[in-house]
Amino acid sequence: MLKEIGYLCFFSLFFILSCNDEDHSEPEKVEFPEEELYAGGKLGTVFTSSTFAYEQPTPAIEIAGMAQAFKVGEYFFERDYTQSKEGLFGGLGPLMVRRGCTYCHPNYGHGKRQTEYRANQRGNGYLLVITDETDTYLSSVTGMPQTLAVRPFKPPVDETKIRISWLTYTDEWGNRFPDGEAYELIYPEVTISEDAYYVPLEVTKNGVTTTVPYANVRVKLESTVGMYGTGLLDAISDEDLKAEYVKQEQAGVSLNPAVFANGNWVKTYGNTTHPLRFTYALSRGPLQDGAGANAIWNITNVTRSNRRYHYMTNTYARVASKDSEVQAEFYDCFPEQNKTGKVEDDIYNYLMATDLDVEMRDDSYRDFMIWHRGLAVPAARNLDDPVVDKGKKLFNQIGCATCHRPSWTTGEDRISDPSGFFEENDPRLPRYPNQKIWPYSDMVQHRLFMQNDIRTGWCRTTPLWGRGLSRLVTGASDRLHDCRARTVIESIMWHGNTRSDARKPVEKFRTLSKEERDAIIEFIESI
């Protein structure tokens, strides 16, 4: 009996110790610099990883006492605009790309992949890119072509005649890693029937306008990027941006010769000395005259005090003014317009006027820009996870960090506005001086030589910060300029063309084990 009790006590003790070992063992943790959590620096980061992660104000907004203005500015992003001249959201049209911002930026994030082009569809961040065979924009439609119009006007492009086809692509490796894991690659081809165009197909080069044969017209898609963190990117100094270009040029990296060559800028923003930093095409300089400041006007055609004209082409105005159906309804739809008895002239003069009534008040635009410059970046997540840490090390080892530069330190954040609305270092806007930020972008254009590539082939390195939350926030995790990559794996493998600037990292990525590849993905999703 004592012997049996002894055995019972032994096994009970063994069981308790075993349970204690299992229940109380701590998972392995990794030490990392705390600063890496603060993707947007101390002034630009929020520790929110919910569905609202992309729409939070930065700590700088709170510090500056701009919280209420931020909330007011947010309304102008979230609301649809109307044709009415009354109220804060009036002034839509006569042509527009969208009725409001959230159609393109679902929950403030990247646009979603679409199978059709519909401007009234939420989440459709696609913008049409219509060029001739030399990648020159058609001058008869705007750079962001409009597919919506208010009565009696007709849109320059009939969107019901736009077709998006998703085709499969097989790379040189047969869409398969050496260990047998397969992946799929798809890309869009877009066609617009000839009868969809309300305006003639024209292109202007060196001041001379010529007609483009329909067979020479090319159509591509570009999707919108997330809104968050753009104020922090604006705070990177012009000098530091140039230093990055110089470093890459000296290292033998191929740079866009239209932007930078021989140690200096070939092209800067407009008539300024500011380098180009925003949009895939690097078409914009300082944020105060950048993508959002431009879009709140040209997407909706809502005028403001420094933009008292329509986003429109002269060609469209000529065609619409001669349209008998437009002429028949013009005065009924626009009774406030001048009536000279020459309806064609009145329509043309209205469409091309540069002294239109102001529809967006100055204080509204100020609040909008406080909001735009004040959007925070979500903090990095799971950096103490051994798998994420392993992925981080591999990400750097195989060369991904060459283009996806991990961090920058902002300068004094000398606010500039080439449009003249905001004064130099305007105190009405939040600022982010001397912040170490982690966007994972070198802010430089590179080429990937993808099938049916982006216009010109040159594309600015997209910041990776916060993208791991995209599926939670927006419902989709599509990547790259036209949302062709549905997963991180697909995005990486679209970098693998033999002529791609990222070819070597992709070759190294392919040689990794599945466990190592998955670790890199985990890391990318964590930042």
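For the numbers below, each heavy atom of this structure counts, side chains included, while hydrogens, waters and symmetry mates do not. Throughout, numbering of the chain's residues begins at 1 and tracks the sequence.
Listed by first and then second residue, the side chain to side chain donor-acceptor pair (under 3.5 Å) pairs involving residues 438-449 are Q248-D442, S254-R447, N256-Q445, D442-H446, D442-T461 (not counting sequence neighbours). The list of ring pair (Phe, Tyr, Trp, His ring centres under 6.0 Å) pairs with a residue in residues 299-326, not counting sequence neighbours, reads Y198-Y316, W297-Y309, W297-Y311, H310-Y350. The salt bridge (Lys or Arg N to Asp or Glu O under 4.0 Å) contacts involving residues 93-111 comprise nothing, where partners must be two or more places apart or lie in separate chains. For residues 290-299, the set of pairs meeting the salt bridge (Lys or Arg N to Asp or Glu O under 4.0 Å) definition, not counting sequence neighbours, is empty.
Between the side chain of S419 and the backbone N or O of D289 there is no donor-acceptor pair closer than 3.5 Å. For the pair S491 (side chain) and A485 (backbone), a donor-acceptor distance under 3.5 Å is absent. At least one donor-acceptor pair under 3.5 Å links the side chain of T224 to the backbone N or O of C104. Side-chain atoms of N382 never come within 3.5 Å of backbone atoms of S526 as a donor-acceptor pair (strictly under, hydrogens ignored). No donor-acceptor pair closer than 3.5 Å links the side chain of H404 to the backbone N or O of P463. Listed for the E490 side chain is a donor-acceptor partner under 3.5 Å among the backbone atoms of R486. A donor-acceptor contact shorter than 3.5 Å links the side chain of N452 to the backbone of P188.
Judged as a salt bridge (Lys or Arg N to Asp or Glu O under 4.0 Å), and not counting sequence neighbours, R460 has no contacts. For E194, there are no side chain to side chain donor-acceptor pair (under 3.5 Å) partners at least two apart in sequence or on another chain. With sequence neighbours excluded, the residues that form a salt bridge (Lys or Arg N to Asp or Glu O under 4.0 Å) with R484 are D482. Every residue two or more places apart in sequence or in another chain was checked for a side chain to side chain donor-acceptor pair (under 3.5 Å) with R366, and none qualifies. Residues satisfying the salt bridge (Lys or Arg N to Asp or Glu O under 4.0 Å) criterion with D362, sequence neighbours excluded, are absent altogether. For R304, the salt bridge (Lys or Arg N to Asp or Glu O under 4.0 Å) test picks out no residue, with sequence neighbours left out. Remark: K267 engages no residue in a side chain to side chain donor-acceptor pair (under 3.5 Å) (not counting sequence neighbours). Partners of N175 by side chain to side chain donor-acceptor pair (under 3.5 Å), not counting sequence neighbours: none found.
Neither side chain, H110 nor S470, offers a donor N or O lying under 3.5 Å from an acceptor on the other. Side chains of R284 and Y269: a donor-acceptor N/O pair is present below 3.5 angstrom, by distance only. Neither side chain, Q56 nor T48, offers a donor N or O lying under 3.5 Å from an acceptor on the other. D234 and Q288 share a donor-acceptor pair across their side chains, judged by distance under 3.5 Å alone. For the residue pair E359 / T303, a side-chain donor-acceptor distance below 3.5 Å is found, with atom types taken as modelled.
For the residue pair L472 and T51, the shortest heavy atom distance occurs at O-CG2, 3.4 Å. When every heavy atom of S139 is checked against every heavy atom of T204, the shortest pair comes out as OG-OG1, 2.9 Å. Nearest heavy-atom pair, R467 versus D478, reported as atom, atom and distance to 0.1 Å: NH2-O, 2.7 Å. Here the shortest heavy-atom pairing between L95 and A149 reads CD2-CB, 3.6 Å. Here the closest non-hydrogen pair linking R381 and S49 is CD-CB, 3.9 Å. Heavy atoms only, all atoms of each residue included: V302 and L92 are closest at CG2-N, 4.1 Å.
Look at R218 and E133 and you find no salt bridge, because none of the NZ, NE, NH1 or NH2 atoms lies under 4.0 Å from a carboxylate O. We find that E222 and R455 are not joined by a salt bridge, their nearest charged nitrogen and carboxylate oxygen being 4.0 Å or further apart. Between D363 and R428 no salt bridge is recorded (no basic side-chain N to carboxylate O distance below 4.0 Å). Ionic pairing of E172 and R503 is present here: one or more N-O contacts between side-chain nitrogen and carboxylate oxygen are shorter than 4.0 angstrom.
Applying the 6.0 Å contact sphere to CZ of R122 captures more than 12 heavy atoms from other residues, nucleotides or ligands. By the neighbour-count criterion of 12 heavy atoms within 6.0 Å, atom NZ of K322 is sparsely surrounded, having that number or fewer from other residues, nucleotides or ligands. More than 12 heavy atoms of other residues, nucleotides or ligands sit less than 6.0 Å from atom NZ of K85.
Screening F52, W371, Y54 against Y228 for a ring pair (Phe, Tyr, Trp, His ring centres under 6.0 Å) leaves a single residue, Y54. T313 pairs with exactly one of L138, T142, V319 by the side chain to side chain contact (heavy atoms under 4.5 Å, CB included) rule, that one being T142.
The CG atom of L37 sits 12.5 Å away from the CD1 atom of I527 when rounded to the nearest 0.5 Å. Taking CZ from R118 and CD1 from I164, the interatomic distance works out to 9.0 Å, rounded to the nearest 0.5 Å. Separating the OH atom in Y432 from the OG1 atom in T58 is a distance of 3.0 Å, to the nearest 0.5 Å. Rounding to the nearest 0.5 Å places OG1 of T300 at 9.5 Å from CE of M96.
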Determine, step by step, whether M360 and Y81 satisfy the side-chain contact (heavy atoms from CB on, under 4.5 Å) criterion, reporting the C-alpha distance in whole Å, the side-chain angles of both residues, the deciding distance to 0.1 Å, and the verdict. CA-CA 11 Å; M360 187 177 201; Y81 288 81; 4.3 Å; yes
Under the side-chain contact (heavy atoms from CB on, under 4.5 Å) criterion, do R307 and N294 qualify, and how do the steps go? CA-CA 9 Å; R307 301 271 179 102; N294 187 57; 3.1 Å; yes
What do the steps show when you test E525 against E522 for side-chain contact (heavy atoms from CB on, under 4.5 Å), and what is the final call? CA-CA 5 Å; E525 297 280 37; E522 286 290 319; 5.8 Å; no
Mind running ring pair (Phe, Tyr, Trp, His ring centres under 6.0 Å) on Y38 and F47 for me, showing each step along the way? CA-CA 9 Å; Y38 291 85; F47 287 80; 5.2 Å; yes
Could you walk me through whether I347 and D323 pass the side-chain contact (heavy atoms from CB on, under 4.5 Å) check? CA-CA 10 Å; I347 294 171; D323 186 324; over 6 Å; no
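Cation-pi geometry between R479 and W494 is not satisfied (NZ or CZ under 6.0 Å from the ring centre, within 45° of the ring normal).
Residues Y126 and Y103 place their aromatic rings such that the two centres sit no closer than 6.0 Å. A ring-centre distance under 6.0 Å is found for F89 and F76.
Within the 4.5 Å cutoff, the side chain of I236 has heavy atoms near those of the R277 side chain.
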